[in-house]
Every structure is written in C-alpha cells, then in structure tokens.
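For reference, the structure is listed below as structure tokens.
Computation of the quantities below employed the complete heavy-atom set of this structure, encompassing side-chain atoms and omitting hydrogens, waters and symmetry-equivalent molecules. Position 1 is the first residue of the sequence, and the numbers go up from there. Ligands are counted one by one from 1 in listed order, and the atoms in each one are counted from 1 as well.
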Amino acid sequence: MSQRTPNRRDFLKIGGAAVVAGAVAARSAGDASAEEQAAYSAQFAAPPMETVRIGYVGVGLQGGSHVTNLNRIPGCRITAVCDVRSERTDWAVAEVTKAGHPAPAVYNKGPRDFERLCDTEDLDLVYTATPWEWHVPVMLAAMKSGKHAATEVPAAMTLDDCWAMVESAEKFRKHCVMMENCNYDWPAMMAFNMTRQGLFGELLHAEGGYLHDLRGIKFENRNEGLWRRAWSQRLNGNVYPTHGLGPVANCLDINRGDRFDSLVSMSSPSRGLQDWARDHFPEGAPQRQEKFAMGDVNTSLIKTALGKTIMVQHCTNLPRPYSRINLIQGTKGLFSGYPHRLYIEGRGRADQWVDAATVRAEFEHPLWKEMAERSAGAGHGGMDFIEDYRLIKCLREGLPMDMTVYDAAALSAIVDTSVRSVAKNGQPMAIPDFTRGRWRTTPPLGIVHA
Ligand SMILES: NC(=O)c1ccc[n+]([C@@H]2O[C@H](COP(=O)([O-])OP(=O)(O)OC[C@H]3O[C@@H](n4cnc5c(N)ncnc54)[C@H](O)[C@@H]3O)[C@@H](O)[C@H]2O)c1
C-alpha cells in the first residue's frame, strides 16, 4: 500500500483519467509480470503467523455460524467474543470450549464494548458479524489497535465509510477484508475457473442480484428483524449488493485490470412490506403504520472503465424464489445461475443450455475439489466454511487476501451510489476509484487453493 495517502480529490483526477483512457487492454490472470506480482504481494501481504488469534464481534445467526467454522479450522483460535446480548456471548463461550479450546474472554457491556476488546486483547484478527451500521466502527477500532479486520457484508453503507476503511487499512497497513461468501459457492467458482480458461471468450456483460423473500424475517422480533427492517424504512436503493456482485466482479477483474466507473439506479414502488404487515398483524398494530422508503425491486446498471456492463438487482420485499442471478456473458458463451447452466458456442447443441451440474467434474474450481469434503454441512452449502478457511490460510501463510480493502469499498459503494442515483431519478453517479489508479497494474485474482 502506498506510503503517501492521496486525498480524496486525487482519486477524482485519477478516476477521470481512467475514463478518458478507457481503452486499456483487457488482461488475464496470466498477464501479470513477475514484478507486478511481487509488488502486489508486498503491498497486501502481512507477515505469516503460526496461530491466528481472533476476537469475534457479533455472535448472532451468521457470526455464530462463523464461530462454529473457525473452531474447526486448524491454526486459529477464538480468544475473545463480544456481543451486546449476554446470552449470545454465553453461547459462544460454550461453543468454543465444546470444541476443546480454552474459554474466550467476554465483552458484553454495551454497543461500544468492542473498543475495549480491541484495546485490551492481544489479537491478530477482529472479525465482525454485527448489524450493518457497526461494521465500519468495529473494523476501524480493530485496525487502529493493530489488528487485521474482517467483516460480514456489506462492509460499509456510505461512501465516507468506504473511504474510512481504505484510509485506515493503508495507514495502519492492515488487512480489511469483506467476507463475501458467495464468491466461494461452487457455481460461482466454476464460472470463474471457466472464465480463466477462456471458455466464454472476452467477458462483456454480467448480472447479479439478491432476490430473496425476507418479509417474514424482517418482521421477526429477534435477530435481523431487530435491525434489517429499519434500513428498508430509511434507504431507497440497493442496500445489499455484494452477494450478486462479488462473483461476477472477480470474473471481470474488478480492481485488477478494470473497475466500476459509474452507475445508474432505479427503484420500483414500495408495496411488499406494507402489504405483509397488513396481512399478518392485527388492526391497530404499530407495524401496520410503518412506512418504507425502499422500492421493492431496485435495478442498477454499472459501467466499468473498460466499457463493460453489470446489472445488479435487489428484491427482498416480495414473494419470489431465491436467486443471485450470477450471469456472465462473453464473446463465446455465457454462464447463468438459478438454475445453473451454461452455453458455449460450438459445444453441445446450438441454442440449448447445458446443465452446469453435468460438467462439474470437468470444470469444478480446484479449491472446491480440495474442500468439498471438509466443508460439507457448513453454512450456506459449505461456502461459508471455505471462505473462513481461506481467510485463515492467507493470514497464516502471509499471502494476499482473496479480497482486498479496495474490493470491500468498491462493492459496498454500490449501496450509497444507488441510493443517490435513485434520489436523482436515475441520474448517473461516479463510483470512486478506491485504488487511486492501481486497478491498472494490480494482477488479476488467480486460481487459489486450500
Ligand atoms: N454472508 C451471508 O450469507 C450472510 C447471512 C446472514 C447475515 N449476514 C450478515 O451478517 C451480519 C449479521 O447478521 P445476522 O443474520 O447474524 O444478524 P443477527 O441479528 O442474528 O446477529 C447480529 C448480532 O450482533 C449483535 N450486536 C448488535 N450490535 C452489536 C454491537 N454494537 N456490538 C456487539 N454485538 C452487537 C446482536 O446482538 C446479534 O447477536 C449482517 O451484516 C448480515 O448482513 C451475512
């Protein structure tokens, strides 16, 4: 990372130049020179360590699942846990000791007790799965006190917070990783592997989304119901873009040869949550009075510096089957999710999709082959275990992370830019170049291993 931290205006100049000079040739993973690879590793790697000591902040549903995973991963130990609810810290202590490890220190004295954890504990990593508004405060406290930081998604909800993560990671020279588990799902990894083999030709377009009926969950009187619905009252845009964008951004070499340049975004009217409250709560219940800013279907279109297009959607307030879309399209074919299928010109029958499951043996990403058995039964079909495993492996071996702070910022920036665009009737919004021009020389993500 750079010694000098340019100010935020510098990025505008560099970003502007990037648009004008948009004809930078597309690069593939094999194009990075040895010097570029070495420079990249020097910027992003931290010294290796034998055992990763972890403080876990926010041990609810998803944090709890990570705690269970980490207990099973060699070379790491959860030595401190923090939650505002003592029943959850009690649960985490029991879970860690049940796995045969010493009891972790407990921090449950209110919403800023993670600061005491960061200041007091000797840790290598602080990992958070708190509600969205707490991700950045926890990570900033972690990096300031000399720890690497990792967070659940999205990493940040505002552009200012995206910059705060970047500036802090550069200043303290710490990893600041957004844990995008969907990058590790088997169809996403297989599509990435096939992209690297050139099977889809030059990629030109992608689509992703988070299309998940969360109406019941948003109105629950526990877990996400206690905080997620509030974001639907406050923001109109795509508040959860990273599951859909993460996998396709990797295929398109975002921040590693290309970058998100601008976005337009529009939202449909808001009906789903109001209707759900009317149908499920009695007359006079306060939930029936709630008003929601968030349009039920938000559609954003991102243009990259190289002129490629990415459609990203958010729909969590309407009845519908689950999908993240997961489509990448190139000059020779395409991959599409839900159901997972592909089409490659000259392979199979013209005009006919091929079921992705039928070619898994041929095109499965090596990491999936290596981890399938170990990850079986873990959260979200095993992908959560694989992402936690990679986090710990990279820290232990001093390797660059699969996702850098620039990826955390660029993917999360879609939240704020989509909200701004929707508010201006779909006006284009510039997406900051958090890399400050280094997207041109950063080598593409390679095929990683267990
Ligand atoms: N990657 C995925 O597939 C996935 C799935 C579910 C949730 N998530 C993400 O995980 C995060 C948590 O979601 P969840 O479903 O576990 O929600 P949850 O409400 O079950 O868990 C959040 C936990 O954080 C605790 N908490 C709240 N404020 C805190 C604070 N200031 N300090 C310490 N603890 C605090 C709560 O008591 C709770 O235990 C969110 O960012 C969400 O987007 C990701």
Inset, instruction - Verify the ring-centre separation between Tyr184 and Phe385: is it less than 6.0 angstrom? - result: no

Inset, instruction - May I ask you to check if ligand 1 and Pro131 share an N or O to N or O distance below 3.5 Å? - result: no

Legend entry - Verdict with supporting geometry, Asp384 and Gln62, side chain to side chain donor-acceptor pair (under 3.5 Å): CA-CA 10 Å; Asp384 295 13; Gln62 185 66 359; 3.2 Å; yes

Inset, instruction - Report yes if some N/O of Phe114 lies less than 3.5 Å from some N/O of ligand 1; otherwise report no. - result: no

Inset, instruction - Any chance you could lay out the salt bridge (Lys or Arg N to Asp or Glu O under 4.0 Å) test for Asp185 and Arg324, step after step, and finish with the verdict? - result: CA-CA 11 Å; Asp185 202 6; Arg324 296 197 299 274; 2.8 Å; yes

Inset, instruction - Please write down residue, atom name and distance for the protein heavy atom closest to atom 22 (C) of ligand 1. - result: Ala129 O, 3.6 Å

Legend entry - For atom 19 (O) of ligand 1, the protein heavy atom that lies nearest, with its residue and separation: Trp227 NE1, 2.9 Å

Legend entry - Taking atom 37 (O) of ligand 1 as the reference point, the nearest protein heavy atom with its distance: Asp83 OD1, 2.6 Å

Legend entry - Aromatic ring proximity, centroids under 6.0 angstrom, Trp132 and Tyr240: yes

Legend entry - Proximity flag Tyr107 to ligand 1, non-hydrogen atoms under 4.0 Å: no

Inset, instruction - Applying side chain to side chain donor-acceptor pair (under 3.5 Å), run through Asn108 and Asp83 and close with a yes or a no. - result: CA-CA 5 Å; Asn108 56 15; Asp83 200 294; over 6 Å; no

Inset, instruction - Check whether NZ of the Lys or CZ of the Arg Arg374 lies under 6.0 Å from the centre of the six-membered ring of Tyr389 and within 45 degrees of that ring's axis. - result: yes

Legend entry - Whether Trp276 and Phe219 hold their rings parallel, tilted or perpendicular, with breakpoints at 30° and 60°: parallel

Legend entry - Heavy atom of the protein closest to atom 30 (C) of ligand 1 (residue, atom name, distance): Val84 CG1, 3.7 Å

Legend entry - Pair Glu152-His135, side-chain donor/acceptor within less than 3.5 Å: no

Legend entry - Nearest protein heavy atom with distance in Å, relative to atom 3 (O) of ligand 1: Asn181 ND2, 2.9 Å

Inset, instruction - If you have a sec, work out which protein heavy atom is nearest atom 44 (C) of ligand 1 and how many Å separate them, to one decimal? - result: Glu152 OE1, 3.1 Å

Inset, instruction - Using a 4.0 Å heavy-atom cut-off, say whether His135 meets ligand 1 through its side chain, its backbone, both or neither. - result: side chain

Inset, instruction - Return the residue, atom name and 0.1 Å-rounded distance of the protein heavy atom closest to atom 16 (O) of ligand 1. - result: Gln62 N, 2.8 Å

Inset, instruction - Could you tell me whether Pro154 and ligand 1 have an N or O pair separated by under 3.5 Å? - result: no

Inset, instruction - Answer yes or no: is there a donor N or O on one side and an acceptor on the other, between the side chain of Ser268 and the main chain of Asp296, under 3.5 Å? - result: yes

Inset, instruction - Take Lys171 and Glu167 through the salt bridge (Lys or Arg N to Asp or Glu O under 4.0 Å) test and state the conclusion after the steps. - result: CA-CA 6 Å; Lys171 178 173 174 191; Glu167 287 168 359; over 6 Å; no

Legend entry - N/O donor-acceptor pair under 3.5 Å between Gln313 side chain and Val297 backbone: no

Inset, instruction - Ignoring hydrogens, just give me the one of Arg228, Glu224, His243, Met383 whose non-hydrogen atom is nearest atom 7 (C) of ligand 1. - result: Glu224

Legend entry - Tyr127-His66 aromatic ring centre distance below 6.0 Å: yes

Inset, instruction - Do me a favour and list the nearest non-hydrogen protein atom to atom 11 (C) of ligand 1 with residue, atom name and distance? - result: Thr130 O, 3.4 Å

Inset, instruction - Show which atoms of ligand 1 fall inside a sub-4.0 Å distance from at least one heavy-atom site of Trp132. - result: 40 (C), 41 (O), 42 (C), 43 (O)

Inset, instruction - Could you list which atoms of ligand 1 come closer than 4.0 Å to a heavy atom of Trp134? - result: 28 (N), 31 (N)

Inset, instruction - Using distance alone, decide if ligand 1 has a nitrogen or oxygen within less than 3.5 Å of any nitrogen or oxygen in Arg88. - result: no

Inset, instruction - Indicate yes or no: does Glu121 engage Lys147 in a salt bridge with an N to O separation below 4.0 Å. - result: no

Legend entry - Atoms of ligand 1 close to Tyr240 [distance to a heavy atom under 4.0 angstrom, numbered from 1]: 4 (C), 8 (N), 43 (O), 44 (C)

Inset, instruction - Number the atoms of ligand 1 from 1 as they appear, then name those within less than 4.0 Å of a heavy atom of Pro111, with their elements. - result: 30 (C), 31 (N), 32 (N)

Inset, instruction - Just let me know how His380 lines up against ligand 1, side chain, backbone, both or neither, with a heavy-atom cut-off below 4.0 Å. - result: side chain

Legend entry - Met179 and ligand 1 - part of the residue with a heavy-atom distance under 4.0 Å: neither

